[in-house]
Amino acid sequence: GHSHWSYEDLKHWSIDYSDCGGTKQSPINVDTTQAIFSPDLRPIQLSGYSLPANKQLKLKNNGHTVVLDLPESLALTGGYAQQYRAVQLHLHWGSPSGPGSEHTINGRRFAAEIHVVHYNTKYDSFSEAMVHPDGLAVLGAFLEVGHGENPYYNEILKHLLEIQVVGQETLVSGFNIAGLLPANLKLYFHYNGSLTTPPCYQTVKWTIFNHTMLLSRDQMSMLVSTLRSPEDELLQNNYRPVQNLYGRRVLASFP
Ligand code: 1SD
Ligand code: ZN
C-alpha cells in the first residue's frame, strides 16, 4: 500500500502511483553518442554550500536512504534559467557484490550516486514545487572506489552507525557541502525527468555530472553495509532500474 513501496516491488509502483508509469521517468541510461551538445548550458553555480561547523544538520535513515537536510540558504544558479533552493541530499547504492547508481552512462552502472534535491524559488515550499513541471532540480554525481579517503563524505559516513535503524536521526556539523560534488561543475548532462521514487512526479530537471567522486574502499563498504531496512535487513540496492526515454533528448554541456 501507500508509503510502503519497496525496491523489491517495482511492478506495483505504477499501480499505487500513476506517474510512475509515465513517459518522462527517471533514472535513464545516458547514451553519450546521442547526447546533444548545447553551448548555452552554463556551468552550475552553487552558493552558500560552505556551512560553518556550528550549523547543525539533521541526518536520517528514512528506510529508503540516508537523508541530510539542507538549509534553504543553499542556492543553485547558473546552468538553469531559474533559481533553486536546496532541500536535502541523499544517496543510492548497491551491495558489496554489485554497483548501485541509478543513472547509467553508456550502460555502465557506478558504485553509488548522490542526489542534491532543490526546488524552484518561484514556489513557497518543496511540497508545492514538487507537483509543478518546473518545480525541482536535482544534481546527481557518481561515486566510485579510488585511492584515499574523501574527507567530505566522511562527514556523513562517520554518523551512519548512529542511524542504523529506520527512523533514527542524528545531528551533523556543517561542512562544505560542495565537496560532495565534483570540482568541475561545467561538464554535465541535462534532461527532463522525474523523482526516482514514488510518487515519481515528472517535475525534475536533472543534471548528471560527467566527473565522478572517489571514495576509499572502506568508505564505500561503510555506505553499502551499515544502514538497516524496514524489514531489518541491510539497506542495499536502493536504486530504480533505468526507464525508457520515450523520445526525450539528453543535452550535454560539452562537445
Ligand atoms: O529518492 C528520492 C526521495 O527520497 C525523495 O528525496 C525525493 C524528493 O522528495 O526525491 C527522490 S530522488 O528523485 O531524488 N531520487
Ligand atoms: Zn535520489
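Just follow the structure's listing: the first ligand is 1, and inside any ligand the first atom is 1.
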Should Lys122 and Asp134 be marked as a side-chain contact (heavy atoms from CB on, under 4.5 Å) after you check the CA-CA gap, both sets of side-chain angles, and the distance that decides it?
-> CA-CA 9 Å; Lys122 75 196 258 192; Asp134 59 352; 2.6 Å; yes
side-chain contact (heavy atoms from CB on, under 4.5 Å) between Trp206 and Thr196, intermediate numbers included | CA-CA 11 Å; Trp206 278 96; Thr196 66; 3.8 Å; yes
Arg240 and Gln25: CA distance, side-chain angles, deciding distance, side chain to side chain donor-acceptor pair (under 3.5 Å) verdict | CA-CA 10 Å; Arg240 186 188 197 192; Gln25 289 291 289; 2.8 Å; yes
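Between Arg108 and Glu144 there is a salt bridge, with a side-chain nitrogen of the basic residue lying less than 4.0 Å from a carboxylate oxygen of the acidic one.
Near His115, meaning under 4.0 Å from any of its heavy atoms, are these atoms of ligand 1: 14 (O), 15 (N). Of all atoms in ligand 1, numbered sequentially from 1 with element shown, those under 4.0 Å from a heavy atom of Val117 are 14 (O). Ligand 1 places these atoms under 4.0 Å from at least one heavy atom of His92: 1 (O), 15 (N).
The backbone N or O of Glu102 sits less than 3.5 Å from a side-chain atom of Glu113, completing a donor-acceptor pair.
Nearest protein heavy-atom neighbour of atom 8 (C) of ligand 1: Phe126 CZ, 3.6 Å. Looking at atom 10 (O) of ligand 1, its nearest protein heavy atom turns out to be Leu195 CD2, 3.5 Å. At the top of the distance list for atom 15 (N) of ligand 1, counting protein heavy atoms only, stands Thr196 OG1, 2.6 Å. The protein heavy atom nearest to atom 5 (C) of ligand 1 is Gln88 NE2, 3.6 Å. Among all protein heavy atoms, the one lying closest to atom 11 (C) of ligand 1 is Thr197 OG1, 3.5 Å.
Of the listed residues (Phe254, Phe142, Phe209), just one forms a ring-ring contact (aromatic ring centres under 6.0 Å, His included) with Phe189, and that residue is Phe254. Here the options are Arg248, Lys205, His103, the test is side-chain hydrogen bond (donor to acceptor under 3.5 Å, both in side chains), and the partner is Tyr191; only His103 passes.
Separating the CG atom in Leu41 from the CG atom in Leu187 is a distance of 11.5 Å, to the nearest 0.5 Å.
Our summary of the site lists the angle at the Zn ion (ligand 2) between ND1 of His115 and NE2 of His90 as 110°, to the nearest 10 degrees.
Neither the backbone nor the side chain of Val87 comes within contact range of ligand 1; no heavy atom lies under 4.0 Å. Within the 4.0 Å heavy-atom criterion, the part of His90 lying near ligand 1 is the side chain and not the backbone.
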